[in-house]
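For the numbers below, each heavy atom of this structure counts, side chains included, while hydrogens, waters and symmetry mates do not. Residue numbers start at 1 and run along the sequence shown.
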Amino acid sequence: MVSTPGVLFVCVHNAGRSQMAAAFLTHLAGDRIRVRSAGSMPADRINQVAVAAMAEIGIDITAELPKVLTPDVVRDSDVVITMGCGDACPYFPGTDYRDWKLDDPAGRDLDAVRPIRDEIRTLVEGLIAELLPVAPRDSPTGLSGRRTRT
C-alpha cells in the first residue's frame with residue numbers, strides 16, 4: 001500500500017499565499033495528499049483579499065484560521081514548501097524542502113492578488129503531477145481508453 005504524501009505550506013503569517021496553496025491542493029487533489037499550512041508568525045485572521053480572490057474561482061477559505069508552525073507539523077510532512085519564512089522553518093533530514101518565490105498578497109488589492117493566486121495554482125498543479133502517479137488508463141477489459149479513428 002502506498003502512503004498518502006503530506007505537504008506543508010509555510011509563510012510568515014499563514015494568511016495569504018500558504019492558505020491559497022493549501023486550498024488549491026485540497027481542492028485539486030482531494031484526500032490523495034495530506035495538506036497543511038502554517039506560519040512562523042501567524043496573523044490573527046486570513047487576508048480578506050486572498051479570500052475574495054479564491055472565492056472568484058469557487059474556492060471558499062473563509063473558515064480557515066492562521067496556524068502556528070511547529071516542529072511536529074514539519075516532521076509529519078514529506079514536502080515542506082516555504083514562501084518567505086526563511087530560517088524559521090525547522091529542518092529534519094529526509095524531508096523535501098522547497099521554496100516558492102511568490103509575491104506577498106498582504107496590502108495588495110484584488111487586481112494585484114489574482115496573478116499571485118494563478119501562479120500558486122500553476123505551482124500546485126505541478127506538485128500534484130509530481131507527487132501522484134498517473135492512474136493507469138487501461139481498464140479491466142484491456143481497452144486503453146485511447147480513441148482511434150475509424
Side-chain angles (χ1 to χ4, degrees), residues 1-139 145:
M1 178 187 290
V2 177
S3 67
T4 304
V7 174
L8 171 64
F9 295 103
V10 181
C11 66
V12 174
H13 300 295
N14 188 224
R17 294 168 291 189
S18 56
Q19 290 287 347
M20 288 189 287
F24 272 127
L25 188 54
T26 299
H27 179 77
L28 297 170
D31 61 0
R32 299 177 298 160
I33 297 176
R34 288 179 293 113
V35 182
R36 293 185 175 158
S37 69
S40 54
M41 296 183 333
D44 59 346
R45 65 186 182 115
I46 300 295
N47 179 319
Q48 292 305 298
V49 179
V51 170
M54 296 301 284
E56 283 185 337
I57 58 169
I59 299 176
D60 181 5
I61 62 172
T62 57
E64 297 301 323
L65 296 171
K67 295 166 265 334
V68 68
L69 177 65
T70 66
D72 287 340
V73 76
V74 175
R75 187 182 298 113
D76 190 42
S77 301
D78 300 299
V79 179
V80 175
I81 298 175
T82 59
M83 304 172 187
C85 79
D87 294 336
C89 195
Y91 176 80
F92 293 100
T95 301
D96 180 359
Y97 292 84
R98 304 172 188 197
D99 187 47
W100 287 356
K101 305 276 188 230
L102 296 161
D103 290 334
D104 189 346
R108 297 176 187 245
D109 65 15
L110 188 55
D111 287 336
V113 172
R114 285 183 186 115
I116 299 168
R117 174 201 65 201
D118 296 344
E119 184 177 2
I120 291 170
R121 182 182 185 125
T122 298
L123 290 166
V124 166
E125 287 171 342
L127 182 66
I128 292 169
E130 180 184 338
L131 294 179
L132 297 178
V134 177
R137 299 188 78 183
D138 291 341
S139 70

(message) Using the side-chain hydrogen bond (donor to acceptor under 3.5 Å, both in side chains) criterion, which residues pair with Asp44? Sequence neighbours excluded.
(response) none
(message) Once side-chain hydrogen bond (donor to acceptor under 3.5 Å, both in side chains) is applied, do any residues pair with Arg121, and if so which ones, sequence neighbours excluded?
(response) Glu125
(message) Please determine whether a side-chain nitrogen of the Lys or Arg among Arg36 and Asp76 lies less than 4.0 Å from a carboxylate oxygen of the Asp or Glu.
(response) yes
(message) Could you check whether atom CZ of Arg45 has more than 12 heavy atoms from other residues, nucleotides or ligands sitting under 6.0 Å from it?
(response) no
(request) Determine whether more than 12 heavy atoms belonging to other residues, nucleotides or ligands lie under 6.0 Å from atom CG of Asp31. (result) no
(message) One pair to check against salt bridge (charged side-chain N to carboxylate O under 4.0 Å, His left out): Glu119 and Arg114. What are the steps and the verdict?
(response) CA-CA 9 Å; Glu119 184 177 2; Arg114 285 183 186 115; over 6 Å; no
(message) Do Ile81 and Val10 make a side-chain contact, defined as non-hydrogen atoms from C-beta onward lying under 4.5 Å apart?
(response) no
(message) Any heavy-atom pair between the side chains of Arg34 and Val7 that's under 4.5 Å?
(response) no
Between [atom1] of [X] and [atom2] of [Y], what distance do you get to the nearest 0.5 Å?
X: Asp103; Y: Ile116; atom1: CG; atom2: CD1; answer: 5.0 Å
X: Leu25; Y: Arg32; atom1: CG; atom2: CZ; answer: 9.5 Å
X: Met83; Y: Phe9; atom1: CE; atom2: CZ; answer: 5.5 Å
X: Leu127; Y: Ile33; atom1: CG; atom2: CD1; answer: 6.0 Å
X: Met20; Y: Arg117; atom1: CE; atom2: CZ; answer: 8.5 Å
X: Leu69; Y: Cys11; atom1: CG; atom2: SG; answer: 10.5 Å

(request) Could you walk me through whether Val49 and Arg108 pass side chain to side chain contact (heavy atoms under 4.5 Å, CB included), step by step? (result) CA-CA 8 Å; Val49 179; Arg108 297 176 187 245; 5.9 Å; no
(request) Would you check if the side chain of Ser77 reaches a backbone N or O of Val73 as a donor-acceptor pair within less than 3.5 Å? (result) yes
(request) Please confirm whether the backbone N or O of Met41 pairs with a side-chain atom of His13, one donor and one acceptor, at under 3.5 Å? (result) yes
(request) Answer with yes or no whether the side chains of Gln19 and Asn14 bring together a donor and an acceptor at under 3.5 Å. (result) yes
(request) In sequence, state the C-alpha distance, the side-chain angles, and the governing distance for Thr122 and Phe24, and then conclude on side chain to side chain contact (heavy atoms under 4.5 Å, CB included). (result) CA-CA 10 Å; Thr122 298; Phe24 272 127; over 6 Å; no
Per-pair distances, 0.1 Å, donor-acceptor, side chain in residues 57-65, under 3.5 Å, sequence neighbours excluded:
| unit_1 | atom_1 | unit_2 | atom_2 | d |
| --- | --- | --- | --- | --- |
| Asp60 | OD1 | Thr62 | N | 2.9 |
| Asp60 | OD1 | Thr62 | OG1 | 2.6 |
| Asp60 | OD2 | Thr62 | OG1 | 3.4 |

